[in-house]
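See structure below.
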Amino acid sequence: MDILGIDIGGSGIKGALVNVRTGEMLTDRYRIPTPKPATPHAVTDTVAEIVRHFDWKGVTGCGFPAVVKNEVARTAANIDKSWIGVNVAGLISSKTGYPTHVSNDVDAAGWAEINFGAAKGFKGVVLILALGTGIGSSLFVDGHQVPNTEFGHIVMHGDIAEKYAANSVRERRKLSWKKWGNRLNEYLNYIETIMHPDLIILGGGVIKYHKDFFPYLKCKTEIVPAKLRNHAGIIGAACSAQYLLQTRIDPTANRL
């Protein structure tokens, strides 16, 4: 079974066809820079362009950087505020003519890591953290997802944690791997006091440099790098859209 997966990010929107049974990407990734400003119509026009690129006429799964409930964006921490209250799936479907399912981007990536990546076959509490502009999170208990967690927004030093330990902070302040690794370690130890996961998976673009900062992470919980790297969001978005096929939603049912 093939589904088009699209990962909507702050710098780029990328997609590929995915075999949702194996987690294999069947095409090369196609990427278009995220429009500026990243308004609902500008972004969904770009998503529609990716759909046309693949000449895709079926269900599309999208990962989106916000809390998403019933296809509607409920937050906008790192995206344009005009997204709040928008039926994201409906807007995309209105431009493609085909059904779309939208989930939080890290929840989507988490599905991929649980089913095909670093946590495949793992039982227990798994926390996936995406280190990027902010800190996105995805939580699984024995393979079952607890959606729309926001562990990057717990309070540290008087503000949300992602403003202290996200990769963007390292880049903006030009922190060494050691200094940033120590900040990240402080954050992870705080997470341990809150929920005591059995496994922590760290992802995001910075994870390709994990050997530079993993030595500074001293936690009781096992910490591993994401296996699927930047492909996880695309693969997970496709996999999370399977339920649309199972429920046989009309192609126009989730239009605005």
- [ ] Taking all non-hydrogen atoms of both residues into account, name the closest pair between Ala226 and Gly203 and its distance.
- [x] CB-CA, 3.9 Å

TODO: Check whether any side-chain heavy atom of Lys163 lies under 4.5 Å from a side-chain heavy atom of Met156, and answer yes or no.
DONE: no

TODO: Kindly determine whether Asn115 and Lys120 satisfy side-chain contact (heavy atoms from CB on, under 4.5 Å), including the steps that lead there.
DONE: CA-CA 5 Å; Asn115 288 288; Lys120 183 178 180 180; over 6 Å; no

- [ ] Provide the closest heavy-atom pair for Ile114 versus Gly143 in the form atom of the first, atom of the second, distance.
- [x] CG2-CA, 4.4 Å

Task: Check: Phe116 ring centre within less than 6.0 Å of Trp111 ring centre - done: no

Task: Straight-line distance of Thr75 OG1 to Ile84 CD1, nearest 0.5 Å - done: 7.0 Å

Open item on the list: For Lys220, I'd like to know if atom NZ has over 12 heavy atoms of other residues, nucleotides or ligands within 6.0 Å.
Closed with: no

Task: Side-chain heavy-atom pair Val126, Asp198 within 4.5 angstrom cut-off - done: no

Task: Contact check, side chains of Ile235 and Cys239, non-hydrogen atoms, under 4.5 Å - done: yes

TODO: Hey, could you give me each pair passing ring-ring contact (aromatic ring centres under 6.0 Å, His included) that has a residue in residues 53-77? Not counting sequence neighbours.
DONE: Tyr30-His53, Phe64-Trp83

Open item on the list: To the closest 0.5 Å, what do you measure between CG (Asn189) and CG (Leu184)?
Closed with: 10.0 Å

TODO: Under the ring pair (Phe, Tyr, Trp, His ring centres under 6.0 Å) rule, collect the residues that match up with Phe214, sequence neighbours excluded.
DONE: His210

TODO: Can you measure from CZ (Arg29) to CG (Asp7) and round to the nearest 0.5 angstrom?
DONE: 8.5 Å

- [ ] Taking all heavy atoms of Pro215 and all of Lys211, pick out the closest pair and write down the distance.
- [x] CD-O, 3.4 Å

Task: Close side-chain approach of Ile32 and Glu49, heavy atoms under 4.5 Å - done: yes

Task: By ring pair (Phe, Tyr, Trp, His ring centres under 6.0 Å) - contacts of His157 (at least two apart) - done: Tyr164

Task: Which residues share a ring pair (Phe, Tyr, Trp, His ring centres under 6.0 Å) with Tyr216, sequence neighbours left out - done: none

Task: With Lys57 via side chain to side chain donor-acceptor pair (under 3.5 Å) - residues at least two apart - done: Asp55

Task: Which atom of Ala108 lies closest to which atom of Gly233, heavy atoms considered - done: CB-O, 4.2 Å

Determine all donor-acceptor pairs shorter than 3.5 Å in which one atom belongs to a side chain in residues 128-137; sequence neighbours excluded.
residue, atom, partner, partner atom, Å
Ser137, OG, Thr149, O, 3.1
Ser137, OG, Thr149, OG1, 2.8
Ser137, OG, Phe151, N, 3.0

Open item on the list: Tell me if a side-chain donor or acceptor on Asp105 pairs with a main-chain N or O of Ile8 at a distance below 3.5 Å.
Closed with: no

Open item on the list: Could you tell me if the side chain of Ile154 sits less than 4.5 Å from the side chain of Ile160, heavy atoms only?
Closed with: no

Open item on the list: Using the side chain to side chain donor-acceptor pair (under 3.5 Å) criterion, which residues pair with Ser176? Sequence neighbours excluded.
Closed with: none

TODO: Look up atom NZ in Lys36 and atom CG in Asp80, then write down how far apart they are to the nearest 0.5 Å.
DONE: 10.0 Å

Task: Shared hydrophobic cluster for Leu228 and Leu139 (ILVMFWY, side-chain gaps under 4.5 Å) - done: no

Task: Closest non-hydrogen atom pair, Val47 against Ile13 - done: CG2-CG2, 4.2 Å

Open item on the list: Show me the pairs that pass salt bridge (charged side-chain N to carboxylate O under 4.0 Å, His left out) and involve residues 123-136, at least two apart or across chains.
Closed with: none

Task: Donor-acceptor pair between Ser82 and Thr39 side chains, under 3.5 angstrom - done: no

Task: Whether over 12 other heavy atoms sit under 6.0 Å from Asp28 CG - done: no

Open item on the list: What verdict does the side-chain contact (heavy atoms from CB on, under 4.5 Å) test give for Val67 and Glu150, after you've listed the backbone C-alpha separation in whole Å, the side-chain angles of each residue and the deciding distance to 0.1 Å?
Closed with: CA-CA 8 Å; Val67 168; Glu150 291 282 6; 3.0 Å; yes

Open item on the list: Show me the pairs that pass ring-ring contact (aromatic ring centres under 6.0 Å, His included) and involve residues 170-192, at least two apart or across chains.
Closed with: Trp177-Tyr209, Trp177-Phe213, Trp180-Phe213

TODO: Please answer whether the main-chain N or O of His41 pairs with a side-chain N or O of Lys95 as donor and acceptor at a distance below 3.5 Å.
DONE: yes

Task: Least distance between heavy atoms, Ala112 atom then Gly236 atom - done: CB-N, 3.7 Å

- [ ] Answer yes or no: is there a side-chain heavy-atom contact under 4.5 Å between Val125 and His196?
- [x] no

Open item on the list: For Gly9, is there any backbone N or O sitting under 3.5 Å from a side-chain donor or acceptor partner on Thr34?
Closed with: yes

TODO: Would you indicate whether the side-chain heavy atoms of Val102 and Cys62 approach each other to under 4.5 Å?
DONE: yes

Open item on the list: Counting neighbours of CZ on Arg172 that are heavy atoms of other residues, nucleotides or ligands and sit closer than 6.0 Å, is the number greater than 12?
Closed with: yes

Task: Spacing of CG belonging to Asp45 relative to CD1 belonging to Ile50, to within rounding of 0.5 Å - done: 11.5 Å

Open item on the list: Are there over 12 heavy-atom neighbours, none belonging to Asn70, within less than 6.0 Å of that residue's CG?
Closed with: no

Open item on the list: Run the side-chain contact (heavy atoms from CB on, under 4.5 Å) test on Thr60 and Ile6 for me, step by step, so that the C-alpha distance in whole Å, both residues' side-chain angles and the decisive distance to 0.1 Å come before the verdict.
Closed with: CA-CA 7 Å; Thr60 298; Ile6 296 178; 3.8 Å; yes

TODO: Check whether any side-chain heavy atom of Leu202 sits under 4.5 Å from a side-chain heavy atom of Leu217, and report yes or no.
DONE: yes

- [ ] Under the side-chain contact (heavy atoms from CB on, under 4.5 Å) rule, what do Ile223 and Leu188 come out as? Steps first, then yes or no, please.
- [x] CA-CA 10 Å; Ile223 303 172; Leu188 294 174; 3.7 Å; yes

TODO: Look at the side-chain heavy atoms of Ile, Leu, Val, Met, Phe, Trp and Tyr, link any pair under 4.5 Å apart, and say whether Phe140 and Leu199 land in one connected group.
DONE: yes

Open item on the list: If we ignore hydrogens and angles and just use 3.5 Å, is the side chain of Glu113 paired with the main-chain N or O of Lys227 as donor and acceptor?
Closed with: yes

Side-chain donor-acceptor pairs under 3.5 Å in residues 16-24, sequence neighbours left out?
residue, atom, partner, partner atom, Å
Asn19, OD1, Arg21, N, 2.9
Asn19, OD1, Thr22, N, 3.2
Thr22, OG1, Glu24, N, 3.2

Task: By side-chain contact (heavy atoms from CB on, under 4.5 Å) - contacts of Lys208 (at least two apart) - done: Arg229

Task: Between CZ on residue Arg74 and CG on residue Asn104, distance to nearest 0.5 Å - done: 14.0 Å

Task: Partners meeting side chain to side chain donor-acceptor pair (under 3.5 Å) with Thr221 (sequence neighbours left out) - done: Glu192

